[in-house]
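Computation of the quantities below employed the complete heavy-atom set of this structure, encompassing side-chain atoms and omitting hydrogens, waters and symmetry-equivalent molecules.
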Amino acid sequence: MKFTVRFTPDAKDDLVRLYTFLLEQDLKAAEEALDALSKGFDFLREFPFSCRKALPENPLLRELLVSFGNSGYVALFEIEDQATVTILAIRHQREDDYY
(Lines give C-alpha, C1' and ligand atoms only; values in the text may rest on other atoms or scores of the structure.)
Protein backbone atom coordinates (compact mmCIF):
# COMPACT_ATOMS: atom_id res chain seq x y z
CA MET A 1 0.00 0.00 0.00
CA LYS A 2 1.28 3.46 -0.84
CA PHE A 3 0.96 6.41 1.50
CA THR A 4 -0.30 9.79 0.40
CA VAL A 5 2.24 12.53 1.13
CA ARG A 6 0.77 15.87 2.20
CA PHE A 7 2.52 19.14 3.06
CA THR A 8 1.63 21.65 5.73
CA PRO A 9 1.63 25.31 4.62
CA ASP A 10 4.89 25.77 6.57
CA ALA A 11 6.51 22.86 4.73
CA LYS A 12 5.44 24.34 1.38
CA ASP A 13 6.97 27.65 2.45
CA ASP A 14 10.18 25.80 3.34
CA LEU A 15 10.35 24.30 -0.16
CA VAL A 16 9.91 27.70 -1.75
CA ARG A 17 12.54 29.24 0.55
CA LEU A 18 15.08 26.51 -0.13
CA TYR A 19 14.48 26.59 -3.88
CA THR A 20 14.68 30.39 -4.03
CA PHE A 21 17.96 30.39 -2.11
CA LEU A 22 19.57 27.99 -4.58
CA LEU A 23 17.95 29.64 -7.58
CA GLU A 24 19.77 32.86 -6.76
CA GLN A 25 23.04 30.92 -6.87
CA ASP A 26 22.59 28.30 -9.57
CA LEU A 27 19.47 27.29 -11.54
CA LYS A 28 20.77 23.79 -12.26
CA ALA A 29 21.52 23.16 -8.58
CA ALA A 30 18.04 24.41 -7.60
CA GLU A 31 16.42 22.00 -10.05
CA GLU A 32 18.62 19.12 -8.89
CA ALA A 33 17.75 19.83 -5.25
CA LEU A 34 14.03 19.71 -6.04
CA ASP A 35 14.58 16.43 -7.87
CA ALA A 36 16.44 14.95 -4.88
CA LEU A 37 13.66 16.04 -2.52
CA SER A 38 11.01 14.67 -4.86
CA LYS A 39 12.73 11.29 -4.90
CA GLY A 40 12.84 11.39 -1.10
CA PHE A 41 9.10 12.07 -0.95
CA ASP A 42 8.53 9.17 -3.34
CA PHE A 43 10.46 6.98 -0.89
CA LEU A 44 8.09 8.09 1.89
CA ARG A 45 5.12 6.87 -0.15
CA GLU A 46 6.52 3.36 0.16
CA PHE A 47 8.61 3.19 3.34
CA PRO A 48 7.84 5.91 5.92
CA PHE A 49 8.55 3.59 8.84
CA SER A 50 12.14 3.08 7.69
CA CYS A 51 13.06 6.70 8.49
CA ARG A 52 14.60 7.59 11.82
CA LYS A 53 12.45 8.59 14.77
CA ALA A 54 12.61 12.28 15.64
CA LEU A 55 11.53 11.77 19.25
CA PRO A 56 11.63 8.53 21.24
CA GLU A 57 8.28 9.26 22.86
CA ASN A 58 6.49 9.68 19.51
CA PRO A 59 7.29 6.83 17.09
CA LEU A 60 5.13 8.40 14.37
CA LEU A 61 7.17 11.62 14.21
CA ARG A 62 10.13 10.91 11.94
CA GLU A 63 12.86 12.46 9.83
CA LEU A 64 13.68 11.78 6.22
CA LEU A 65 17.31 12.45 5.28
CA VAL A 66 17.80 13.53 1.67
CA SER A 67 21.39 13.61 0.44
CA PHE A 68 22.37 16.50 -1.80
CA GLY A 69 25.92 17.56 -2.48
CA ASN A 70 28.15 17.54 0.59
CA SER A 71 25.18 17.62 2.98
CA GLY A 72 21.48 17.54 2.23
CA TYR A 73 18.05 18.14 3.65
CA VAL A 74 15.96 16.87 6.54
CA ALA A 75 12.20 16.60 6.23
CA LEU A 76 10.31 16.31 9.51
CA PHE A 77 7.12 14.32 8.98
CA GLU A 78 4.36 12.55 10.84
CA ILE A 79 2.68 9.30 9.95
CA GLU A 80 -0.94 10.37 10.40
CA ASP A 81 -2.68 7.06 9.74
CA GLN A 82 -2.37 3.93 7.63
CA ALA A 83 -2.56 5.96 4.42
CA THR A 84 -1.20 9.46 5.08
CA VAL A 85 2.19 11.02 5.76
CA THR A 86 2.34 14.77 6.47
CA ILE A 87 5.54 16.74 5.88
CA LEU A 88 5.78 19.30 8.69
CA ALA A 89 9.05 21.09 7.89
CA ILE A 90 12.04 20.89 5.57
CA ARG A 91 15.48 22.24 6.43
CA HIS A 92 18.93 22.18 4.97
CA GLN A 93 21.25 20.27 7.28
CA ARG A 94 23.52 23.28 7.67
CA GLU A 95 20.78 25.66 8.83
CA ASP A 96 20.94 26.91 12.40
CA ASP A 97 17.27 26.21 13.08
CA TYR A 98 17.60 22.67 11.76
CA TYR A 99 14.89 21.47 14.16
Side-chain angles (χ1 to χ4, degrees):
M1 178 180 92
K2 287 192 176 188
F3 286 76
T4 299
V5 176
R6 301 179 325 128
F7 294 82
T8 63
D10 286 342
K12 288 179 185 178
D13 290 346
D14 288 338
L15 277 175
V16 170
R17 177 181 53 79
L18 293 166
Y19 179 76
T20 301
F21 174 80
L22 275 179
L23 186 60
E24 293 171 357
Q25 312 298 317
D26 182 349
L27 173 62
K28 184 178 178 190
E31 294 297 325
E32 290 173 353
L34 279 184
D35 185 52
L37 286 164
S38 178
K39 288 177 183 175
F41 302 144
D42 287 343
F43 178 82
L44 281 184
R45 287 181 176 85
E46 299 278 343
F47 308 107
F49 286 99
S50 67
C51 296
R52 71 181 185 191
K53 295 175 188 173
L55 297 171
E57 61 271 11
N58 184 352
L60 300 179
L61 187 64
R62 296 180 175 244
E63 293 177 321
L64 169 70
L65 301 178
V66 177
S67 294
F68 183 72
N70 292 330
S71 57
Y73 299 94
V74 178
L76 180 66
F77 69 94
E78 186 169 19
I79 301 169
E80 298 285 339
D81 55 39
Q82 295 178 347
T84 310
V85 170
T86 301
I87 307 291
L88 305 172
I90 305 163
R91 298 285 186 263
H92 191 275
Q93 289 177 336
R94 293 186 180 169
E95 286 185 76
D96 288 339
D97 61 345
Y98 168 78
Y99 285 97

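A heavy-atom distance below 4.5 Å is not found between the side chains of F41 and V66. Between C51 and F43, the closest side-chain pair of non-hydrogen atoms falls below 4.5 Å. Residues L22 and D26 have side chains not in contact (no heavy-atom distance under 4.5 Å, counting atoms from C-beta outward). In this structure, the side chains of Y19 and E31 come closer than 4.5 Å at one or more pairs of heavy atoms.
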Item checked: Worked verdict on L88 versus L61 for side-chain contact (heavy atoms from CB on, under 4.5 Å) -> CA-CA 10 Å; L88 305 172; L61 187 64; 3.6 Å; yes
Item checked: Working for side-chain contact (heavy atoms from CB on, under 4.5 Å), residues T20 and E24 -> CA-CA 6 Å; T20 301; E24 293 171 357; 3.8 Å; yes
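Expressed to the nearest 0.5 Å, how far CG of D42 lies from CG of L37 amounts to 11.0 Å. Going from atom CD1 of I87 over to atom CG of L15 covers 8.5 Å, rounded to the nearest 0.5 Å. Note that CZ of F21 and CD of E95 are 9.0 Å apart. Values are rounded to the nearest 0.5 Å. With rounding to the nearest 0.5 Å, the separation of CZ in F3 from CD in E80 is 11.0 Å.
Annotation: Q25, atom CD; neighbour count of heavy atoms from other residues, nucleotides and ligands within 6.0 Å is above 12.
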All N/O donor-acceptor pairs, side-chain side in residues 67-79, below 3.5 Å, sequence neighbours left out:
unit_1, atom_1, unit_2, atom_2, d
S71, OG, H92, NE2, 3.2

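Side-chain N or O atoms of T84 include none that pairs as donor or acceptor with a backbone N or O of D81 at under 3.5 Å. The backbone N or O of F7 sits nowhere less than 3.5 Å from a side-chain atom of T86 that would complete a donor-acceptor pair.
Both F49 and V5 are part of a single hydrophobic cluster, where members link through side-chain heavy atoms under 4.5 Å apart. One hydrophobic cluster, built from ILVMFWY side chains closer than 4.5 Å, cannot hold both V16 and L23; they sit in different ones.
Within the structure, every pair that satisfies the salt bridge (charged side-chain N to carboxylate O under 4.0 Å, His left out) test and touches residues 5-16, not counting sequence neighbours, is listed here: D14-R17, D14-R91.
The side chain to side chain contact (heavy atoms under 4.5 Å, CB included) search around K53 returns P59, R62, not counting sequence neighbours.
Side-chain atoms of D35 and S38 include no donor-acceptor pair closer than 3.5 Å.
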